[in-house]
Peer 1: 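One structure, as C-alpha cells, below. Some questions next.
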Amino acid sequence: MVNTEVNIGGGLKFKNPVSTASGCFGYGYEYDDFIDVGRLGAIFVKGTTGSKREGNPYPRMAETASGMLNSVGLQNKGVDHFIKEIYPRVKDYNTHIIVNVSGSTVDEYVEVTEKLSDLEKIPAIELNISCPNVREGGMVFGTHCPSAMMVTREVRKAWKRSLIVKLSPNVTSIHEFAKAVEGEGADSISLINTLLGMAIDAKTRRPVLATVTGGLSGPAVKPVALRMVWQAYHAVKIPIIGLGGIMNATDAIEFMLAGATAIQLGTANFIDPTVSVKVIEGIEAYCREHGITDVNELTGGMISD
Amino acid sequence: MVNTEVNIGGGLKFKNPVSTASGCFGYGYEYDDFIDVGRLGAIFVKGTTGSKREGNPYPRMAETASGMLNSVGLQNKGVDHFIKEIYPRVKDYNTHIIVNVSGSTVDEYVEVTEKLSDLEKIPAIELNISCPNVREGGMVFGTHCPSAMMVTREVRKAWKRSLIVKLSPNVTSIHEFAKAVEGEGADSISLINTLLGMAIDAKTRRPVLATVTGGLSGPAVKPVALRMVWQAYHAVKIPIIGLGGIMNATDAIEFMLAGATAIQLGTANFIDPTVSVKVIEGIEAYCREHGITDVNELTGGMISD
Amino acid sequence: MTKYIRDFIIEDNIRLNTEYFILNIRSEEALPDMYPGQFVEIKVENTDGVFLRRPISIYGIDREKQTINLLIQKAGKGTTKLAQHKQGDKLNIIFPLGNSFTAPERKGKVLLVGGGVGVAPLPFLAEYLVDKGMEVEFLLGFRNSDLLVDLKNFEKYGKVNLSTDNGTAGEKGTVMDNSVLKEELLPFVKVYTCGPNIMMKAVAAFVEARGIECEASLENTMACGIGACLCCIQETIHGNVRVCIEGPVFNTKELIW
Amino acid sequence: MTKYIRDFIIEDNIRLNTEYFILNIRSEEALPDMYPGQFVEIKVENTDGVFLRRPISIYGIDREKQTINLLIQKAGKGTTKLAQHKQGDKLNIIFPLGNSFTAPERKGKVLLVGGGVGVAPLPFLAEYLVDKGMEVEFLLGFRNSDLLVDLKNFEKYGKVNLSTDNGTAGEKGTVMDNSVLKEELLPFVKVYTCGPNIMMKAVAAFVEARGIECEASLENTMACGIGACLCCIQETIHGNVRVCIEGPVFNTKELIW
Ligand SMILES: Cc1cc2nc3c(=O)[nH]c(=O)nc-3n(C[C@H](O)[C@H](O)[C@H](O)COP(=O)(O)OP(=O)(O)OC[C@H]3O[C@@H](n4cnc5c(N)ncnc54)[C@H](O)[C@@H]3O)c2cc1C
Ligand SMILES: Cc1cc2nc3c(=O)[nH]c(=O)nc-3n(C[C@H](O)[C@H](O)[C@H](O)COP(=O)(O)OP(=O)(O)OC[C@H]3O[C@@H](n4cnc5c(N)ncnc54)[C@H](O)[C@@H]3O)c2cc1C
Ligand SMILES: Cc1cc2nc3c(=O)[nH]c(=O)nc-3n(C[C@H](O)[C@H](O)[C@H](O)COP(=O)(O)O)c2cc1C
Ligand SMILES: Cc1cc2nc3c(=O)[nH]c(=O)nc-3n(C[C@H](O)[C@H](O)[C@H](O)COP(=O)(O)O)c2cc1C
Ligand code: FES
Ligand code: FES
C-alpha cells in the first residue's frame, strides 16, 4: 500500500495529491457523469468575486500549439450565489471544495473571504492574485510584490482556515513572490496561473480574442511551470501545489519531484474529462513500481548532483 | 511587385523581413547545402564572447510539447576566432551578417563590440542581454532594468553602426525594458529570447539538462512572444524584430501585424532547414493575395476596435 | 442528461464531394437518448496543431446498429485528419452534448434552413419533427452544385428548396433570396436554422418580423464542451451563457447578436 | 559532403520482432555518396509529443534501386509512429549526416561490436571494410533471442559471434563476456563499436588497453543534426565538439566519457 495523503498546510490534508484547477473543472458536478469526483484530493472551483460578473466578450478562446489561450475573465455569479446555490450542491462531495477567491480590490477579496468563512465545508481558499484577464486587480496584485503582500495580509486576517495563494508566472522572480506571501502567512502557494499571451488571425488581421491578450495554459507552459515550482521550492518552506500543463501521471510526478506537494489539473480536463482519476492511479502505480511507500517521498525528490 | 525592404534603424535595411535567429543558424554556411542564404534579410550568428567558451555540459537539449529546451550556454570560439576564421568565410554572403554579442560583464560586451567595429561588413550587432544559460551576466542584464540600461549605454558608445538589443521574456514588464534600452540609444530591439524552463525525467528522477534549467523555444512560446512584441510596439518608436516560435509565413505575418518590422526564425530551422526561404516566399504571396504592395504595411497592422 | 466518454469504431467514411464526408461510427454499447441539435466532441489524435476536441453535430443515429452519423466539412487540420480515417479506426467521443431543438407548440408546417455544413443537424431534427406530426420543408444553401450533400437524406422528410450562390443548383443567390421565403404569407409555424451566423441572423430577423418563432443552432469555439470552462459564451438577454450547455440551440429572440 | 533534404517513399516496412523493424525507403533522384556511420534525420509528422527530427543510422543502401535501409527500434513516440508507416507513405529526410568510420591503416581482421539497435550501422561498415580488403568479424549483443535482428545481413560479411543477456542465443552474458574477447592474443587490427554508452566504454577500455585502435559511434540527443545548434555535444580532448558533425564516429582515445 502506498500512502497518498499529503499535507497542504494550515491543517489541511488531501487524501491524494491530485486536484483540479480553478476555471477548468466548473464546480465539480460538470464532471459527475464521467468520474467519481469524490476520488480527488480537492476541487478548486471557478474564481469567485464579490458580485456577479459577465466576464469578457466573445471570442474568449484560441487554440495554440500544445495549449490554449483563454480570456474568460472571471465570469461568475458572485459569492452570494455561490453560497446559496452552489455550496449546498457540492458541500457533501467526498473531497475538499476550495474556493478560488478573486477580485479587483483588496476590499473585494476580503469581502468574499469573510462571506466564505461561514461555510463549514470550505476548508481552504485559493487567493487568485494572478488572473491575467481582468482589467483592474487580478494580475496586478500578482505581479507587484508589495500588492501581493498587502492582499495576502488582509485576507489572512479574515480567513482562519488554510490559505493558499496562487501566484502569477508573469514575473521576473517567482521566488520573490513565493517568499513574500509566505511571510504574510500563506499556508501554501499554488503555481502557475496562465502566462499572458496573444493570438492573431492573419486572414482577418484581427486579434483572435476579444480582449486581444489572454492566458496561456496547457503542455506548452509545462517547462516554465516546472521551473517555477522548482525555484519556489528552494525559496519557501510552505507546501507548493504545482500546475501548468500537467496532462498525465508522469507530468504530475515531475512536478512533485521538482518540489510540489500536490498538483492541479487544468486544461487536461477539457481533453479528457476522466484524466484526474487516471493521474491518481498513475501516481500510485509509479510509487509501487519504484518501491515508494509514501507519495510524500516524491516531493522535491529530484536527484541532482 | 511587392516592396519587401524594411528599415531596421541606425541606417540598416533588410531586403526582406526574414532573418535567422542567433544560435539556430550556425554561421550561415551550415545551411548552404539547403538554401541560398543570400536570399535572407539577415543572418544573426551565434552568441560571441570575449574568449572561447566550452558552454555547458551534456545533455543540453530536451524536447518539450511543441518546443525544446536548450542549455548550450554560449559555446563559441571567441571574438578573435570569429574575426580571423569565420568572418572571411561569411562576409561576402549577399545578406547582412549580424553578430550576437554576449558576455558576462559590461567590459566583455564592450570588448567584443570594439573588436567587431573593425569589420566593415558587420552592419549591426545584436546585444544579447537575455541568455538564460550562463551563470553570471547574460540574463541578469536582461531582467534587471538598470543593468540593461547600463550595458546598452556602454556598448552604444563603442558601436557606431546599427545596434539591436535582444530582450529577455523572463520579466514582468517587457515594455519597461523596451523603453529603457530605446532611451539608451538602441536602434531597434529584438524579442524574445528563450523563456526559462526545465524538464525532469520521471524515470531517472533527474533533470534532463545538465544545468537543470534551460531556454524554451519553438511554437510553445509563440503566444507569449507575440504578446510581448505587441506590448513593445506600443511602448517604443524604434523598429522591433520579432521572434519566438515562428514556423511558417502565417506566423511571421502575425508577428508583423503585432508590430514587428522584421522577424527571425530560430528553432524552425532545425525542423526544416529550408523554412526561411519558404517564409520569404509566403510573405510575398500573402501580400499579393491581400493587395499589399509594401510589406511595411503589415507592421502594426492588426485591426482592433 | 447523462454524458458519456466512449471509443467509437469507424464503420464507414463516405466522401460526398471535395469538402464534405460522412463518418458512420459505432459504439460497442447501447446508445443513450440523444436529441436533434445535440453534438459530440471528438478527440483528433496525432495531428499537428490540434490540441482540443472538435465539436460536431449529430447528423443521424441508428439505435439498433448503435451507430451515429456525422456530416463533416473539411474546415482545417482536425476535420481534414478525420476525413482520412478508415473503417476500423477508433475515435474517442464525448456525447451527447448541449440542449436540443424543440417542437413548435402547435402542429403545422415547419421550415428548416441550413447553410453549408450547417445543414448537419437538420435531418435528425426533421425525423424528430415528423414523428411529432409536423410537416417539414427544407431550405438549404450551398456555394455551388458541387457541394450539395446527401440530399436524399433530407428528401426523406420533406420538400427540399435549394439555393446556390452561383445558381448551379436550385435558385441562384443566398437562402434569403429563395422564393420559399418570398411568399406573402409564410405558411410556417416555426423556423429552425443552422449555418453561418450572418445567414442565421438574416433568417431570424426575417421570420421574427413576421411573428414566427425561430430557433438557431449557434457556432462557437469550444474548449471543454461540457460547461466547465466558460469559453463558449453567447450574449443573451439573460447575460452570457454557455453555448455547449444552455445552447447550442437558442430561441433567436433571446440572442444579443 | 553535400547534404540533402528530400521526400523518400517507403517501399517496405519489415517487422523483425516486437521491437525492431526495417524501413526501406526510396528516393526519386539518384542517391549521393554515403559512408558507413553516417545517419539521416527523419521528420516524424503528426505524432503527439514529437517536435524534432529523429536521427537514424544508415543500415544499408542500394544505389541502383535508389533505396536506403534503416534498422529501427521502437524506443518511444517517434519510432513507434515510424513502425506504423506503410508502403507508399512519404518520409522527409535530411541526409547524409555526420562523419563516418575509417578503415584501419593496415589490412587484417577487424571486429565490429554492436549492442541492441547499435548494430544498425555495422553491415554497411562491414561492406565497406570488406571492399577495402579487410576480414570482418561481428560481436553482437542482444537482450534475448527474441530480439535478434536480420542476422543473415551480417553473416554475408563475416563470422557473427552472439551474446544474449539470458543465453537464449549465442553465449550468455554481455558482449564483454563473449569468448571472442577472451582470447589471449586478440587478432584484430581495429575494433568498431556502436551501442549503449556503457558497452562502448567497456569495449574501448578493453581494446585500447591491448593497443588496438577503436572507433565508436556515439549516442546523443540532437536538434538540428547539421551542426547549427550545438546541442549534441561530446566532451573530447579537443573540447566540446558536435556529435552530428565531428561525430558520430570518434576514435575512442579522443573521448572524455
Ligand atoms: C455545436 C457545434 C456543432 C458543429 N457541428 C459541425 C458539424 O456537424 N459538421 C462540421 O463539419 N462542423 C461542425 N462544427 C464546426 C466544427 O467544429 C469546426 O469546423 C471544426 O472544429 C474545425 O476544426 P479544424 O481542426 O478542422 O479547423 P481548424 O484548423 O481548427 O480551423 C480552421 C478554420 O475553422 C475555424 N474554426 C475552428 N473551430 C471552429 C468552430 N468550433 N466553429 C466554427 N469555426 C471554427 C477556424 O477559425 C479556422 O478559420 C460545429 C461546431 C459547433 C460549435
Ligand atoms: C547518430 C544517431 C544514430 C542513431 N541510429 C539509430 C538507428 O539506426 N536505429 C534506431 O532505432 N535508433 C537510432 N538512434 C536512436 C534514435 O534516434 C532514438 O531511439 C529516437 O530518436 C527515439 O525517438 P522516439 O520518439 O521513438 O523516442 P522518445 O519518445 O523521444 O524517447 C523514448 C526514449 O528514448 C530516449 N531517446 C530519445 N532520443 C534519443 C536519442 N537521440 N538517442 C538515444 N536515446 C534517445 C529518450 O530519452 C526516452 O527514454 C540513433 C541516434 C543517433 C544520435
Ligand atoms: C478556461 C480557463 C479558465 C480559468 N479560470 C481561472 C480562474 O477563474 N481562477 C484561477 O485562479 N485560474 C483560472 N485559470 C487558470 C488555471 O487554473 C491554471 O492555473 C492554468 O490553466 C494552468 O494550468 P493548466 O495548464 O493545467 O491548465 C483558468 C484557466 C483556463 C484554461
Ligand atoms: C539551440 C539554441 C541556441 C541559442 N543560442 C542563442 C545565442 O547564442 N544567442 C541568443 O541571443 N539567442 C540564442 N538562442 C535563442 C534564439 O535566438 C531565439 O531567441 C529563441 O530560440 C526563440 O526563437 P524560436 O522559438 O524561433 O527558436 C538560442 C536558441 C536555441 C534553440
Ligand atoms: S466549451 Fe467549455 S463551457 Fe462550453
Ligand atoms: S544536433 Fe545541432 S549541432 Fe548537432
Side-chain angles (χ1 to χ4, degrees), chain A residues 62 64-69 142-145 168-173 195-207 210 212-216 218-231 245 247 249-258 286 290 298 301-305, chain B residues 62 64-69 142-145 168-173 195-207 210 212-216 218-231 245 247 249-258 286 290 298 301-305:
Chain A
T64 65
S66 297
M68 60 176 277
L69 290 163
T143 56
H144 182 237
C145 213
S168 170
N170 300 294
V171 298
T172 309
S173 310
L195 273 167
L196 194 64
M198 172 174 167
I200 299 181
D201 182 338
K203 250 181 278 169
T204 61
R205 289 190 233 172
R206 291 179 178 274
V212 183
T213 61
L216 183 65
V221 309
K222 195 188 98 177
V224 174
L226 204 55
R227 180 262 296 183
M228 289 189 166
V229 166
W230 180 72
Q231 289 181 321
M247 297 300 281
T250 308
D251 292 342
I253 289 156
E254 291 168 19
F255 273 79
M256 296 188 72
L257 293 171
Y286 177 94
H290 288 74
L298 292 176
M302 185 178 85
I303 306 163
S304 49
D305 343 70
Chain B
T64 65
S66 298
M68 60 177 278
L69 288 163
T143 56
H144 181 236
C145 213
S168 169
N170 300 294
V171 298
T172 310
S173 309
L195 273 167
L196 194 63
M198 172 173 168
I200 298 182
D201 183 337
K203 251 181 279 172
T204 61
R205 288 189 235 173
R206 290 181 177 273
V212 184
T213 61
L216 182 66
V221 309
K222 195 187 98 176
V224 174
L226 204 56
R227 180 262 296 182
M228 289 190 166
V229 165
W230 180 73
Q231 289 181 321
M247 298 299 282
T250 307
D251 292 341
I253 289 158
E254 290 169 19
F255 273 79
M256 296 188 73
L257 293 171
Y286 176 93
H290 288 75
L298 292 176
M302 185 177 84
I303 307 163
S304 47
D305 340 74

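Naming: A, B, ... by sequence-line order, numbering from 1 per chain.
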Peer 1: Assess the residue pair B:Thr213 and A:Trp230 against the criterion (side-chain contact (heavy atoms from CB on, under 4.5 Å)); give the C-alpha distance rounded to whole Å, side-chain angles, the decisive distance to 0.1 Å, and a yes or no.
Peer 2: CA-CA 10 Å; B:Thr213 61; A:Trp230 180 72; 3.6 Å; yes
Peer 1: Between B:Tyr286 and chain A, with a heavy-atom cut-off of 4.5 Å, which part of the residue counts as in contact: side chain, backbone, both or neither?
Peer 2: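 Interface part for B:Tyr286: side chain.
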Peer 1: One pair to check against side-chain contact (heavy atoms from CB on, under 4.5 Å): A:Leu196 and B:Val224. What are the steps and the verdict?
Peer 2: CA-CA 6 Å; A:Leu196 194 64; B:Val224 174; over 6 Å; no
Peer 1: In sequence, state the C-alpha distance, the side-chain angles, and the governing distance for A:Asp201 and B:Glu254, and then conclude on side-chain contact (heavy atoms from CB on, under 4.5 Å).
Peer 2: CA-CA 7 Å; A:Asp201 182 338; B:Glu254 290 169 19; over 6 Å; no
Peer 1: Do you know which of B:Ser173, B:Ala62, B:Pro223 has the most heavy-atom pairs with chain A at a distance under 4.5 angstrom?
Peer 2: B:Pro223
Peer 1: Which region of A:Leu69, side chain (C-beta onward) or backbone (N, CA, C, O), has a non-hydrogen atom less than 4.5 Å from a non-hydrogen atom of chain B, or is it both or neither?
Peer 2: side chain
Peer 1: Drop me the distance from B:Asn170's CG to A:Asn170's CG, to the nearest 0.5 angstrom.
Peer 2: 11.0 Å
Peer 1: My understanding is that only residues two or more places apart in sequence, or in another chain, count here; which of them pass side chain to side chain donor-acceptor pair (under 3.5 Å) with A:Thr172?
Peer 2: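 A:Thr172 satisfies side chain to side chain donor-acceptor pair (under 3.5 Å) with B:Thr172 only.
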Peer 1: How many angstroms lie between CE in B:Met302 and CD1 in A:Ile200, if you round to the nearest 0.5 Å?
Peer 2: 5.0 Å
Peer 1: For chain B, find which of A:Ile253, A:Thr204, A:Val212 contributes the most heavy-atom pairs closer than 4.5 angstrom.
Peer 2: A:Val212
Peer 1: As an exercise, state the distance from CG of A:Leu216 to CZ of B:Arg227, rounded to the nearest 0.5 Å.
Peer 2: 10.0 Å
Peer 1: Among A:Pro169, A:Ala199, A:Ala202, who wins on heavy-atom pairs under 4.5 Å with chain B?
Peer 2: A:Ala202
Peer 1: For A:Ser66, what residues pass the side chain to side chain contact (heavy atoms under 4.5 Å, CB included) criterion, not counting sequence neighbours?
Peer 2: A:Pro219, A:Ala220, B:Ala65, B:Ser66
Peer 1: List the steps and the verdict of side-chain contact (heavy atoms from CB on, under 4.5 Å) for A:His290 and B:Arg205.
Peer 2: CA-CA 11 Å; A:His290 288 74; B:Arg205 288 189 235 173; 3.7 Å; yes
Peer 1: For A:Thr250, is it the side chain, the backbone, both, or neither that has a heavy atom closer than 4.5 Å to a heavy atom of chain B?
Peer 2: both
